[in-house]
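The first residue of the sequence shown is numbered 1, and numbering continues consecutively from there. This structure is a prediction, so every number in the text was calculated from the model and none was measured.
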Amino acid sequence: MPAATDTGLRAFVRALPKVELHVHLVGSASVETVLELARRHPEAGVPAERADLEEFFTFRDFDHFLKVYWAVQSMLTDRHDIHTLVTGLAADLAAQNARYAEVTVTPYNHLLDGMPGDELLEGLATGRAEAAARHGVDLAWCFDIPGEKGVRAGRETLVFALRERPDGLVSFGLGGPEIGVGRAQFAPFFTAAREAGLRSVPHAGETSGPATIWSAVHDLGAERIGHGTSCASDPRLLDHLAAHGIALEVCPTSNVRTRQVESVAAHPIRRMLDHGLVVTLNTDDPPMFGATLNGEYLAVAGTLGLRYAEIAQLAGNAVRASFLGDGRKAELLAEIDQTLAGEREK
Ligand code: ADE
Ligand code: ZN
């Protein structure tokens, strides 16, 4: 196999079939969609000019990021808005050669902002159908609790998820701030969700230390961890995550842009990989962070000097850690193997 040239690396990453396990629906709104919404909703305080929006998407810290995120969320009012976001995300995923994504939706926030539940569900359903038919991208949903809104949000999210149980709903999550928002208070809702067959995928260790990740594992039965960045400072936790195959949904550019890490080079991803963790690469809130899925692979591969086989391993990790059925996983893994074999023959 020849040494990876920049062009070769780009072509390889592009050719790999990929899955995305950590992307928020609101945070996936394209710049064009946000500008269009901002023109219709001046009261939201979101800039309607491109240069101003770029500035608006420059985050001082994580709390500032969340305020901006909530401002964008507040502009979504009906099924058409949700449909636009879902199909826009599918088009963006297709452009990255991503075949499947588990998309985080926060029903409680939309309901609180005044969107009827039926509007949300209808937009998700029609958007998901169009994503598959027009873009060849399969979408699944993670309904998550906005942690800052406490146990009431936990209960309501659970009730909504289990009552509505829309097609494609596979998992139950927990997002928002971590500091001052203990994971354990949400344990009863995660227990009930898991008993009903939903998988547990809380955010943890993005903006707080390893104790939050331990709590996500012990109290919430986490099967994957959203971010998990701070695990690298706890050798016992690294051992535990590796031994139990609990995958990390790593979002390097997100962590840089919310100022949780200095740079991709300073990200603990190397320690995670060296420790044998199941690392997956994801975008979180792509247009807000100027991120793309291929860009995340390229940034990590370039920074860590990964070989093609190691890059393919990362793509395979995401397939294996997904909640796809075994048959579809096997197809995607075979395609990844073929892509790598094609590279070896060059
Ligand atoms: N909601 C949207 N993006 C988020 C993130 N990166 N962490 C927690 N909650 C979020
Ligand atoms: Zn997230």
Side-chain angles (χ1 to χ4, degrees), residues 20 22-50 52-54 56-57 66-96 98 100-144 146 149 153 156-157 159-161 163-171 173 175 283-289 291-292:
E20 161 97 84
H22 190 122
V23 59
H24 298 259
L25 182 63
V26 170
S28 76
S30 72
V31 167
E32 284 67 30
T33 297
V34 175
L35 290 171
E36 212 266 309
L37 286 165
R39 280 178 209 120
R40 278 174 20 216
H41 300 281
E43 73 286 356
V46 176
E49 296 301 328
R50 188 174 290 270
D52 298 335
L53 187 61
E54 212 168 283
F56 192 65
F57 283 168
L66 279 182
K67 289 199 177 92
V68 168
Y69 181 94
W70 291 328
V72 173
Q73 171 190 276
S74 76
M75 301 190 295
L76 304 167
T77 58
D78 61 17
R79 66 182 68 192
H80 305 293
D81 293 338
I82 297 295
H83 180 95
T84 300
L85 257 56
V86 175
T87 52
L89 170 59
D92 291 347
L93 287 164
Q96 304 296 307
Y100 167 77
E102 291 173 17
V103 183
T104 297
V105 179
T106 314
Y108 187 76
N109 280 348
H110 295 298
L111 298 176
L112 219 55
D113 281 347
M115 186 188 300
D118 287 350
E119 290 288 307
L120 171 63
L121 293 165
E122 188 62 23
L124 293 177
T126 58
R128 181 168 181 262
E130 188 172 321
R134 184 153 158 221
H135 301 290
V137 175
D138 292 321
L139 297 179
W141 311 122
C142 167
F143 280 1
D144 83 331
K149 300 197 176 74
E156 299 280 318
T157 304
V159 166
F160 187 79
R163 186 183 68 218
E164 303 299 343
R165 204 82 197 239
D167 285 347
L169 180 65
V170 292
S171 59
T283 58
D284 212 5
D285 303 286
M288 290 185 180
F289 298 137
T292 63

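Residues meeting the side chain to side chain contact (heavy atoms under 4.5 Å, CB included) test with A94, sequence neighbours left out: H135, V137. Annotation: side chain to side chain donor-acceptor pair (under 3.5 Å) contacts of H110 (sequence neighbours excluded): none. For Y100, the side chain to side chain donor-acceptor pair (under 3.5 Å) test picks out E102, with sequence neighbours left out. Applying the salt bridge (Lys or Arg N to Asp or Glu O under 4.0 Å) test to R39 and every residue at least two apart in sequence or in another chain returns nothing. Residues passing the salt bridge (Lys or Arg N to Asp or Glu O under 4.0 Å) test with E130 are R134, sequence neighbours excluded. Evaluation of the salt bridge (Lys or Arg N to Asp or Glu O under 4.0 Å) rule for E36 yields R40 as partners, not counting sequence neighbours. Under the side chain to side chain contact (heavy atoms under 4.5 Å, CB included) criterion, P47 pairs with D52, L53, F56, not counting sequence neighbours. With sequence neighbours left out, E49 forms a salt bridge (Lys or Arg N to Asp or Glu O under 4.0 Å) with no residue at all. For T106, the side chain to side chain donor-acceptor pair (under 3.5 Å) partners at least two apart in sequence or on another chain are D144. Contacts of T33 classified as side chain to side chain donor-acceptor pair (under 3.5 Å), with partners at least two apart in sequence or in another chain: S30.
Residues A101 and L93 share a closest heavy-atom pair of CB-CD1, 3.6 Å. Here the closest heavy-atom approach between residue P146 and residue N109 is recorded as CG-OD1, 3.5 Å. When every heavy atom of L37 is checked against every heavy atom of D81, the shortest pair comes out as CD2-OD1, 3.9 Å. A29 approaches V34 most closely through the heavy-atom pair CB-CG2, 3.7 Å.
Side chain of H41 to backbone of M75: a donor-acceptor contact under 3.5 angstrom is found. Between the side chain of E20 and the backbone N or O of T283, at least one donor-acceptor pair lies under 3.5 Å.
Judged by distance alone, the side chains of T104 and H24 never bring a donor and an acceptor atom under 3.5 Å apart.
How far NZ of K149 is from CD of E156: 12.5 Å, rounded to the nearest 0.5 Å. Separation of atoms CG (L139) and CG (L124) is listed at 9.5 Å; rounding is to 0.5 Å.
Proximity of I82 to L25: side-chain heavy atoms (C-beta onward) are separated by under 4.5 Å at one or more points. Between P166 and F143 the shortest side-chain heavy-atom distance falls below 4.5 Å.
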Without placing hydrogens or testing angles, list every side-chain donor-acceptor pair under 3.5 Å for residues 113-122, not counting sequence neighbours.
from	atom 1	to	atom 2	distance (Å)
D113	OD2	Q73	NE2	3.3
E119	OE1	R79	N	3.0
E119	OE1	R79	NE	3.3
E119	OE2	R79	NE	3.2
E119	OE2	R79	NH2	2.9

Starting from the C-alpha separation in whole Å, work towards a yes-or-no answer on side chain to side chain contact (heavy atoms under 4.5 Å, CB included) for V23 and D284. CA-CA 4 Å; V23 59; D284 212 5; over 6 Å; no
Next item on the list: Kindly indicate, with the supporting measurements, whether the criterion side chain to side chain contact (heavy atoms under 4.5 Å, CB included) is fulfilled by W141 and V86.
Entry: CA-CA 11 Å; W141 311 122; V86 175; 3.9 Å; yes
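In E54, the CD atom is not crowded: 12 or fewer heavy atoms of neighbouring residues, nucleotides or ligands sit closer than 6.0 Å.
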